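In the text below, chain A, chain B and the rest are named by the order of the sequence lines, each starting its count at 1. A quick note: this is a predicted structure, and the numbers were derived from the prediction, not measured.
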Protein chains: 2
Amino acid sequence: MFTVGEFARLGQVSKRLLRYYDEINLFRPDQTDPATGYRYYSAAQMAQLNRILALKELGLSLDQIRRLLADNISVDEMQGMLLLKKAEIERQMQAEMQRIRKIESRLLAVHSAESASPLNVVIKRIPAQPVLSTRTIVESFDAGLEIFRQIRTALPDRSRYGLCYCICHSDDLAEQDMDLELGCLLEMPGHSGLALRGGLHLRLGELPAVASMATIVVQGALETIHTGYAEIGRWAENNHYRLAGVPREVSLQLPTAADGRDLITEIQFPVEPLHRD
Amino acid sequence: MFTVGEFARLGQVSKRLLRYYDEINLFRPDQTDPATGYRYYSAAQMAQLNRILALKELGLSLDQIRRLLADNISVDEMQGMLLLKKAEIERQMQAEMQRIRKIESRLLAVHSAESASPLNVVIKRIPAQPVLSTRTIVESFDAGLEIFRQIRTALPDRSRYGLCYCICHSDDLAEQDMDLELGCLLEMPGHSGLALRGGLHLRLGELPAVASMATIVVQGALETIHTGYAEIGRWAENNHYRLAGVPREVSLQLPTAADGRDLITEIQFPVEPLHRD
DNA sequence: ATAAAGGTTGCCGCAGCGTGAAGCTCAAGC
DNA sequence: GCTTGAGCTTCACGCTGCGGCAACCTTTAT
């Protein structure tokens with residue numbers, strides 16, 4: 001028989017840990033003096049302790065170990081738990097690989113002067129969203145902004161009408177005569193169409209939900225928005241995603257300056273992981 | 001300007017998180033009403049928040065992110081932190097690979113009926129250890145046990161003299177006329193040699209420290225001890241270790257039965273990782 | 001005017017795995 | 001018989017990153 005101290009020395013654990021394991025009912029001393037509470041461990045228990053330590057090394061939680069030790073456990077159950085744990089570690093390694101990729105991608109980006117104005121892609125899940133919108137062909141970017149202003153003027157109520165958004169339905173590179181869907185998000189239901197001055201008509205519609213949307217926030221007008229798209233493209237490539245759908249631009253802040261310098265836009269691009277498991 | 005609730009919705013984080021980040025000085029609202037404490041976030045801050053979220057995805061702690069955002073940070077420092085983090089993740093992945101290997105090794109072992117009497121290898125760091133020992137050639141295993149008993153009889157003081165140990169200096173497979181070093185660990189210093197009955201003499205010595213010792217506890221006499229060695233060998237192979245030194249046997253419990261059935265021995269085998277990094 | 005949202009601070013909890021300290025009792029060697 | 005080291009119990013805390021709730025205050029819409 002060994003006392004806690006001796007047993008702890010031999011087993012290379014702390015006394016505290018032995019008491020703790022006793023307390024949580026994981027590993028109890030062979031005998032406990034009922035009068036003094038002294039714990040006495042048998043030599044044979046060293047094998048048991050080592051078993052616990054070995055299982056802990058596998059990454060099992062003390063709770064799982066307790067169940068494994070319950071000795072009414074079958075070989076199959078044991079195997080099941082191990083396989084489960086293995087799968088879990090493998091998942092975790094996948095996630096870590098992702099992180100490594102992201103870090104590497106960022107290490108590349110650090111050099112390309114981006115540290116001044118860092119663009120950061122974040123994945124979001126976007127729910128379906130009722131909107132009020134119109135679709136029209138505009139000749140320039142500024143004409144689009146002008147329509148945003150009209151919408152805002154017609155719908156000043158912030159509690160009912162949310163942010164303005166824009167979807168470009170024409171091929172992306174055309175900078176003239178773009179086919180745009182312009183509108184604003186609806187915060188509250190129960191609204192129908194509305195005519196704007198200038199012959200445009202806002203119709204009730206719904207933006208579909210997107211499970212995984214790569215988003216980025218850019219500050220500035222046309223030029224910067226393009227770099228935002230480029231950044232999302234780079235990001236997707238580096239992180240093994242695929243662009244999968246029609247991007248949206250949500251305007252967080254409409255410009256006050258004429259040149260749109262203080263426009264703040266969130267670009268949203270649906271993506272999918274390349275190797276889904 | 002957005003209130004916490006709006007900003008939280010747009011950024012897909014909880015209000016609680018925004019308040020928390022404010023509290024820990026990581027991300028503060030653009031303005032705070034001094035009278036009411038209301039937080040107001042600007043649209044431009046969404047980019048900042050996204051940056052924080054992106055860095056969090058990399059696995060950086062909020063503390064590290066705060067330092068990265070301190071904006072007196074240079075590109076080099078940024079790169080340094082990222083490389084550091086990457087190295088850390090890689091270390092972690094190494095560890096997880098090890099765990100996977102251990103689990104796989106155990107999955108193999110589960111089937112070979114070991115679940116009844118599981119042998120569990122644990123790595124320990126063993127410090128240098130003063131001993132009192134004798135070296136002699138014995139004709140059988142039992143003769144060795146008999147010497148243990150003599151030693152114990154000569155040194156009954158548990159507080160000064162610790163466990164008995166044995167090191168086999170002859171080639172391992174010889175079961176007859178083994179060249180054994182037999183002795184007991186010294187718990188307290190200040191002791192010199194001692195003669196035993198039977199012409200043996202205990203000399204003061206020291207077992208060297210071993211940085212990484214694979215240990216296993218076996219219960220039983222010669223036969224079981226051999227399976228213990230076999231198990232350590234298997235374990236080393238499965239876990240990419242190499243046997244590296246002279247093994248010791250430390251007797252946790254000397255037998256009372258004649259056949260040594262209740263002998264409990266800890267086998268200690270120095271090992272080294274095969275691919276050290 | 002009033003009620004419903006939505007804001008604020010502050011404190012507790014949790015999850016996992018223990019470590020540390022205070023205050024008391026016990027065993028053992030002289 | 002006394003000291004001393006070792007055991008005992010119990011309470012606390014630490015780490016991270018928030019979540020949740022209570023109690024109270026503002027703003028906004030009706």
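- Rounded to whole Å, atom P of C/dC17 lies 14 Å from atom CD of A/Glu23.
- Applying the 4.0 Å criterion to OP1 and OP2 of C/dG6, one finds that B/Lys15 has every side-chain N and O outside that range.
- Rounded to an integer number of Å, the gap from B/Leu55 CG to D/dT16 P is 17 Å.
- Side-chain N/O atoms of A/Glu266 and A/Gln268 include a donor and acceptor closer than 3.5 Å.
- Taking only side-chain nitrogens and oxygens, A/Tyr21 comes nearer than 4.0 Å to OP1 or OP2 of C/dG18.
- The interatomic distance linking A/Leu18 (CG) with C/dG18 (P) rounds to 11 Å, in whole Å.
- In terms of position along DNA chain D, the nucleotide closest to B/Leu60 lies nearer the 5' end than the nucleotide closest to the other residue of the pair B/Tyr38 and B/Leu60.
- Nucleotides of DNA chain D nearest to B/Ala35 and B/Leu62 differ in position, and the one nearer the 5' end is that of B/Leu62.
- Atom pair B/Glu187:CD and C/dA28:P shows a separation of 16 Å (rounding to whole Å applied).
- Atom CZ in B/Arg16 sits roughly 10 Å away from atom C1' in C/dT9 (whole-Å rounding).
- A straight line from CG of B/Leu49 to P of D/dC18 spans 11 Å, rounded to a whole angstrom.
- With C/dG7, C/dG18, D/dG7 as the candidates, the nucleotide lying closest to the side chain of B/Val4 is C/dG7.
- B/Asp33 places its CG atom 11 Å from the C1' atom of D/dT27, with the value rounded to the nearest Å.
- Screening B/Phe27, B/Phe2, B/Tyr21 for a ring-ring contact (aromatic ring centres under 6.0 Å, His included) involving B/Tyr41 leaves a single residue, B/Phe27.
- Side-chain contact check for A/Gln64 versus A/Leu55: every heavy-atom pair is 4.5 Å or farther apart.
- An OP1 or OP2 oxygen of D/dG19 is reached within less than 4.0 angstrom by a side-chain nitrogen or oxygen of B/Ser14.
- At C/dT8, one or more side-chain N or O atoms of B/Arg19 fall inside 4.0 Å of OP1 or OP2 (strictly under the cut-off).
- Taking the nucleotide of DNA chain C with the nearest heavy atom to each of B/Arg9 and B/Asp22, the more 5' of the two is matched to B/Arg9.
- For the pair A/Arg39 and D/dC8, the criterion of a side-chain N or O lying under 4.0 Å from OP1 or OP2 is met.
- Contact annotation: B/Thr36 does not reach the phosphate of D/dC25 (side-chain N/O to OP1 or OP2, under 4.0 Å).
- Considering only heavy atoms from C-beta on, A/Arg125 stays 4.5 Å or farther from A/Ser212 through its side chain.
- In this structure, A/Tyr40 reaches neither bases nor backbone, as no heavy-atom distance under 4.0 Å exists between it and the strands shown.
- Rounded to an integer number of Å, the gap from CG of B/Asn25 to C1' of D/dC18 is 17 Å.
- OP1 or OP2 of C/dG18 lies within a sub-4.0 Å distance of a side-chain N or O belonging to A/Lys56.
- Looking only at distances, a side-chain donor or acceptor of A/Lys124 sits under 3.5 Å from a matching main-chain atom of B/Leu10.
- B/Val271 has its side chain out of reach of B/Met213: every pair of non-hydrogen atoms, C-beta onward, lies at least 4.5 Å apart.
- Between B/Ser61 and the phosphate of D/dT16, there is no side-chain N or O to OP1/OP2 separation shorter than 4.0 Å.
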